[in-house]
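Single-structure report; data block below.
Each residue takes its place number in the sequence, starting with 1.
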Amino acid sequence: MKRITKTYVLVCLLSAVSMSASAQLSSNPDKFLGNITTSGQIDWGSERFYQLWNQITPENESKWNSVQGGGQNSWNWGSIDNIDNYAKNHHFPFKFHALVWGAQYPGWIRDLSLGARYNAIVKWMDEVKKRYPDLALIDVVNEAITGHQQDTPYFIEALGGTGKTGYDWLLKAFELAGERWPDAILIYNDFNTFQWNTDQFIDLVRTLRDAGVPIDAYGCQSHDLTDCSETSFQNAMVKLQNALKMPMYSTEYDIGTDNDNLQLQRFKEQIPYMWEADYCAGITLWGYIRHHTWTTNGNSGIIEEDGTDRPAMEWLRTYMQSDAAKNAPSPFPGMKKEASIYVHPAALKVAKEDVMPIKVRASMATKEIEKIDLYVGDELIATMTEAPYLAEYTSSTSGWKTLKAVVTTTDGSVYERLSRFQVLASTTKREPFNEVVPELPGTIIAEEFDKGTSGVAYSNVSRSTFNSTTLKTNAWMEYTVDVKEDGFYTMNVEVASTKTGGVFHLSEYSFDNLAFLTNLTEVPNTGSATEFVTLRCPMTQELTAGRHKFCLNIDKGGFYIKSMTFTPVPVIEMPGTLEMEDFNTCGDGIDFSNGNGGTVLANTNNGEWLEYLVDVKQSGKYSYEATVSSAVDNAKFSLTLIDGDGNEKSLGSVSVPQTGSLDNYQVKTGKIRNTINAGKQKLRITITNGSFNIDKINFICTESTDGITEVTDDEAGAGVSYNLSGQKVGESYRGIVVRKGKKIVVK
């Protein structure tokens, strides 16, 4: 979301107010009375949408299946574009509904592996971000309470399972959304919040809040209120807010009945109570044209098809012009998010007398932070004036501890955010298994996870039976390690299993996000419980040197793990030779085998890909020598270079010759069509027409653009060599030297 000056904000709000005063039902500048599209249309009937409502949510148009239901490479943005542009033209918010939902998603994701399913979710969010970078409101996850959508497990599995918090997959969804839309109001949305699933809703939302993820509001769909008494409704509202202490939206309000008097009664009882609550930021009705809403016979509509009002609509028009409605306060003045404040304890549980590190992630849209006061209960434990806002707390008593961050800005404004953590009665402190913390690169024995108490250092696993029983689903173990050098690493894991279906991944619960350090890895049937094989798990992001706590998550159990060995991923210099097994990361289905005197990429299939870390020492034009084998015609792979900013440059396609068999290797030579720039980058190899093997690829600089030429020893000739600092070097020196007035590379 663009940050705009206070002057411009005032102009926009005055424009909206002046327009709405004579037309839109709500003239309150700080909270909206919105609605949805009707039968795929924005305007319907004699009154235009913007003449009634000042916020819009697509009923179906922005759901994943509506956009990408036609296939992985099919994107249909037209309807959302129309809605987004309509909202911008009329100066009111557009809410994206919804990014993650166990319904109305593309059916093809059910056929993907877990890793590919995760990548599809990330790709979906990436494409939405590209199309709509300045979204104001987002339903990040919809209807995740157990039993609400039968296909929710597809998303639970793909986004990392339940993990340490019980809701890790939801934490990951909100972290992904927060990375892409830091200025948007991010919402968890669900139904039955007032009558039947209130406690489950509170537990879910409060866990997200307490874990410090970027959730800004909770959304109560309000479909369950037709038969809800006034007292029951108000008690539920109070219970929710007392537990969560967060902004709230009524996101899908409707009273589905043909009884005009009952509908009117519920509107009078419920809408003012929500609208005038200082924590309610807005109400979105779920349809308004009778016979064109989702409820039975469309009976929640409040305007007849001929344009006449039902009694509830007549009352609503009058109420919204009252002083109480016009002046009702909102947690989001101007309907925008000013403060992004998330209180993040290092964990949700800690042993008594042990230290709990705490971080407050805080930023302002238009203001500057002067200080942050952090409380545990009523006790002020830290006043922080500089980021990162870090503190520690040690408790001598067990129980739930409430955290409160009070942010004061330089103009005197005050903002608050709550969190909680639980102090367990156990006094077994968290510490590494051995006195000496394991160093990486190196090997970690799987059963040597950190000492501590269950729920703090491990869960659903026993060290005493680690090697005699299979790991359980949703078990996790944490390991304290010291990473000695920054860089990318590969984790090689020894596993054994008598069946297929096991899944694990490595993660880290850092202060800034829930990081998946590896993709979800599926465990094969190795033949027996004692027959171990090594699975290569490339780490998905660079590790920084220093102390870390890695978490081994068992997403689906039934197997054994012996050890995890971490090795640095080699950085391949260009000019130079790329061995195929030295990849940094890869897609699903990659297969390596012995061949051509070493290790080769084997049995390639269309769409498979690998990425390599490369350091281009010479800018210029290149050629390649690819050692390959194939028993088929028309085999091909492509080369793509990716710079540090994610920009991609195609280096062209390599045609693999028919060599007679996969065991018969030949060297295919060719030229790379685009100039390659110097610097550290990633090289992606994508199989475009498979059924072949690759052993290695040699890259040769044929025409340098930085004055450096690669020559043979014979071409170099004899003579004194100097390094680039002008110092004389001997024959054993390797690198760029100046000899007889020319820069050359000595290997």
* **Ring centers of Trp124, Tyr105 separated by less than 6.0 Å** => no
* To do: Kindly say whether the aromatic ring centers of Tyr319 and Phe267 come within a distance under 6.0 Å.
  => no
* Asked: With a 4.5 Å limit on heavy-atom distance, are the side chains of Phe233 and Phe194 in contact?
  -> yes
* With the side chain counted from C-beta on, respond yes when Ile42 and Thr37 share a heavy-atom pair under 4.5 Å apart, and no when they do not. => yes
Over all heavy atoms of both residues, which pair between [X] and [Y] is shortest? Give the atoms and the distance, please.
| X | Y | answer |
| --- | --- | --- |
| Ala324 | Glu276 | CB-OE2, 3.6 Å |
| Tyr253 | Arg266 | OH-O, 3.6 Å |
| Arg361 | Asp512 | NH1-O, 2.5 Å |
| Leu186 | Pro214 | CD1-O, 3.1 Å |

* Asked: Are the charged groups of Asp258 and Arg290 less than 4.0 angstrom apart, N to O?
  -> yes
* From CA spacing to verdict: side chain to side chain donor-acceptor pair (under 3.5 Å), Thr207, Asp210 -> CA-CA 5 Å; Thr207 301; Asp210 295 348; 5.8 Å; no
* **Mutual orientation of the aromatic rings belonging to Trp77 and Tyr132 [parallel < 30°, tilted 30-60°, perpendicular > 60°]** => perpendicular
* To do: For the pair Tyr249 and Phe332, name the ring-plane relationship: parallel under 30°, tilted 30 to 60°, perpendicular over 60°.
  => parallel
* Of the options Asp309, Leu264, Leu285, which is the one that meets Ile302 in a side-chain contact (heavy atoms from CB on, under 4.5 Å)? -> Leu285
* To do: Apply side-chain contact (heavy atoms from CB on, under 4.5 Å) to Phe201 and Tyr188, showing your working.
  => CA-CA 10 Å; Phe201 183 81; Tyr188 174 75; 3.7 Å; yes
* Can you tell me how far the CD1 atom of Ile56 sits from the CZ atom of Phe49, to the nearest 0.5 Å? -> 4.0 Å
